[in-house]
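Nothing here was measured: the structure is a model prediction, and the numbers come from that model.
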Amino acid sequence: MLYCKQLIACCAAMVMWTGCSNDTQLEETQVGEQVQIRVAPLTRLAKTDFVEGDSIGIFAVERSNPQVAAIPSVAPGRANNAKWVKNAEGEWEPATVADRITWSQSGTPMDFYAYFPYDAKITNPAAIGLNLSEQTTASDVLRAANTQGLNKGEVTLAFNHVLARLDVRVTSMVAGDVLRVKGVRTAASFNIGTGEVEATGEPATLLLSYEGQSADDKAWFQAFLPAQTFSGQMQCEHNGASYIFNFSDLTLEKGQVKWVDLKLK
């Protein structure tokens with residue numbers, strides 16, 4: 001009987017010991033303070049403000065040299081194309097838990113880059129392919145960079161337009177009429193780190209988007225394109241007839257609007 005009591009006591013001690021051993025293996029994982037994002041008001045070119053549901057992509061990179069801004073690359077950063085969404089309260093928040101961004105616990109300075117509209121397929125921030133062959137109001141592309149080397153606090157992102165805008169107003173044309181531009185390059189490579197956009201590909205023919213009638217009752221057509229200087233034709237279709245305007249050395253500048261006025265004979 002005494003032997004049984006000793007055995008039971010021994011087993012109980014083993015259970016207690018095992019429980020303590022398991023507890024000591026639980027280590028607290030520290031997570032850095034979450035980054036808060038604020039977006040500054042937009043400058044006017046096309047999109048005048050962000051609305052609920054708009055999404056931006058964010059790259060956050062730790063500096064290897066405290067005095068030199070870090071540029072996003074294909075190498076993993078602290079945030080790689082994190083998706084943030086504007087909510088009903090007008091604030092920006094990560095789309096999912098995986099899209100959260102945290103500050104470095106060691107206080108390493110960080111730089112932030114963002115773009116709009118969000119594209120989940122982007123893997124190389126130095127060579128984002130843009131295809132502008134089909135024009136919509138979503139063709140406008142924006143970029144922001146905060147290279148202050150922050151390690152705490154709120155991050156402000158000020159977005160700028162990286163494309164040029166071509167606006168053509170045509171007397172006598174109305175809704176349903178068509179305007180095409182021939183000889184323009186509609187593909188581009190966008191580097192989110194430097195903000196540079198390089199027109200690529202061969203010259204093509206682009207159908208411009210009809211935006212309505214202007215105040216002086218001209219048909220207003222529009223396109224977002226990479227900066228470039230090109231020569232070609234503007235082809236107008238009105239009442240079953242075609243009108244062709246030849247031009248040379250038409251220059252489109254980044255972040256600027258190029259206005260062209262045409263009058264049908």
Side-chain angles (χ1 to χ4, degrees), residues 37 39-40 42-47 50 54-65 67-84 109-150 155-167 181 183-204 206 222-232 249-258:
I37 300 292
V39 175
L42 293 176
T43 57
R44 185 178 179 85
L45 185 69
K47 187 173 181 63
F50 290 108
D54 277 347
S55 300
I56 60 176
I58 301 176
F59 292 83
V61 193
E62 292 185 358
R63 292 187 177 185
S64 56
N65 181 337
Q67 307 303 320
V68 180
I71 300 295
S73 68
V74 293
R78 200 158 186 88
N80 299 285
N81 202 23
K83 182 180 182 180
W84 281 55
M110 294 166 56
D111 295 303
F112 297 82
Y113 302 83
Y115 72 95
F116 171 87
Y118 176 78
D119 184 351
K121 300 187 296 297
I122 290 175
T123 57
N124 183 0
I128 299 174
L130 302 179
N131 181 359
L132 304 167
S133 59
E134 295 184 4
Q135 290 289 317
T136 67
T137 53
S139 297
D140 193 13
V141 178
L142 309 175
R143 177 227 182 217
N146 186 318
T147 56
Q148 294 178 291
L150 303 175
V155 177
T156 299
L157 296 175
F159 281 86
N160 294 302
H161 302 270
V162 301
L163 298 176
R165 199 180 91 187
L166 173 62
D167 285 55
V181 175
V184 65
R185 287 184 288 174
T186 60
S189 178
F190 169 39
N191 186 327
I192 193 174
T194 63
E196 294 301 315
V197 177
E198 181 182 358
T200 60
E202 297 298 322
L206 176 67
Q222 186 178 94
F224 295 96
L225 294 161
Q228 60 190 289
T229 297
F230 66 106
S231 301
D249 297 331
L250 180 65
T251 298
L252 304 177
E253 298 181 63
K254 175 182 176 181
Q256 302 295 321
V257 180
K258 178 66 175 182

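For the side-chain contact (heavy atoms from CB on, under 4.5 Å) test with Pro72, the passing option among Ile58, Asn80, Ile192, Asn191 is Ile192; the others fail. When the options Ile122, Leu130, Leu163 are evaluated for a side-chain contact (heavy atoms from CB on, under 4.5 Å) with Phe190, the one that passes is Leu130.
Closest approach of Ala144 to Leu157, counting heavy atoms only: CB-CB, 3.9 Å. Of all non-hydrogen atoms in Leu252 and Ala164, the two that sit nearest each other are CB-CB, 3.7 Å. Considering every non-hydrogen atom in both Ile71 and Tyr113, the closest pair reads CD1-OH, 3.4 Å. Closest heavy-atom contact between Ala199 and Arg185: O-NH1, 3.3 Å. Between Val162 and Arg143, the closest heavy-atom pair is CG1-CB, 3.6 Å. Across all their heavy atoms, Pro226 and Ala187 have their closest contact at CG-O, 3.9 Å.
Residues satisfying the ring-ring contact (aromatic ring centres under 6.0 Å, His included) test with Tyr115, not counting sequence neighbours, are none. Under the side chain to side chain donor-acceptor pair (under 3.5 Å) criterion, Asn131 pairs with Ser133, not counting sequence neighbours. Qualifying side chain to side chain donor-acceptor pair (under 3.5 Å) partners for Thr229, counting only residues two or more places apart in sequence or in other chains: Thr251. Scored by the side-chain contact (heavy atoms from CB on, under 4.5 Å) test, Ser231 finds Ser248, Asp249 as partners (sequence neighbours excluded). Every residue two or more places apart in sequence or in another chain that forms a side-chain contact (heavy atoms from CB on, under 4.5 Å) with Ala120 is listed here: Tyr118. Qualifying side-chain contact (heavy atoms from CB on, under 4.5 Å) partners for Ala127, counting only residues two or more places apart in sequence or in other chains: Asn124, Ser189. Contacts of Ala223 classified as side-chain contact (heavy atoms from CB on, under 4.5 Å), with partners at least two apart in sequence or in another chain: Gln135, Leu206, Leu208, Leu225. Partners of Arg63 by side chain to side chain donor-acceptor pair (under 3.5 Å), not counting sequence neighbours, listed by chain and number: Asp111. Scanning for ring-ring contact (aromatic ring centres under 6.0 Å, His included) contacts around Phe230 gives Phe247, with sequence neighbours left out. Residues passing the salt bridge (charged side-chain N to carboxylate O under 4.0 Å, His left out) test with Glu62, sequence neighbours excluded: Arg78. The side chain to side chain donor-acceptor pair (under 3.5 Å) test applied to Asn146 returns Gln148, not counting sequence neighbours.
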List the steps and the verdict of side chain to side chain contact (heavy atoms under 4.5 Å, CB included) for Val39 and Phe159.
CA-CA 8 Å; Val39 175; Phe159 281 86; 3.8 Å; yes
Going through the distances and angles, do Val141 and His161 end up as a side chain to side chain contact (heavy atoms under 4.5 Å, CB included)?
CA-CA 6 Å; Val141 178; His161 302 270; over 6 Å; no
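If you take CG on Asp54 and CG on Leu142, they are separated by 9.5 Å, rounding to the nearest 0.5 Å. Expressed to the nearest 0.5 Å, how far NZ of Lys258 lies from CG of Leu166 amounts to 9.0 Å.
Taking a 6.0 Å sphere around CD of Gln228, one finds it holds more than 12 heavy atoms contributed by other residues, nucleotides or ligands.
For residues 114-134, the pairs satisfying salt bridge (Lys or Arg N to Asp or Glu O under 4.0 Å) are Asp119-Lys121, with sequence neighbours left out.
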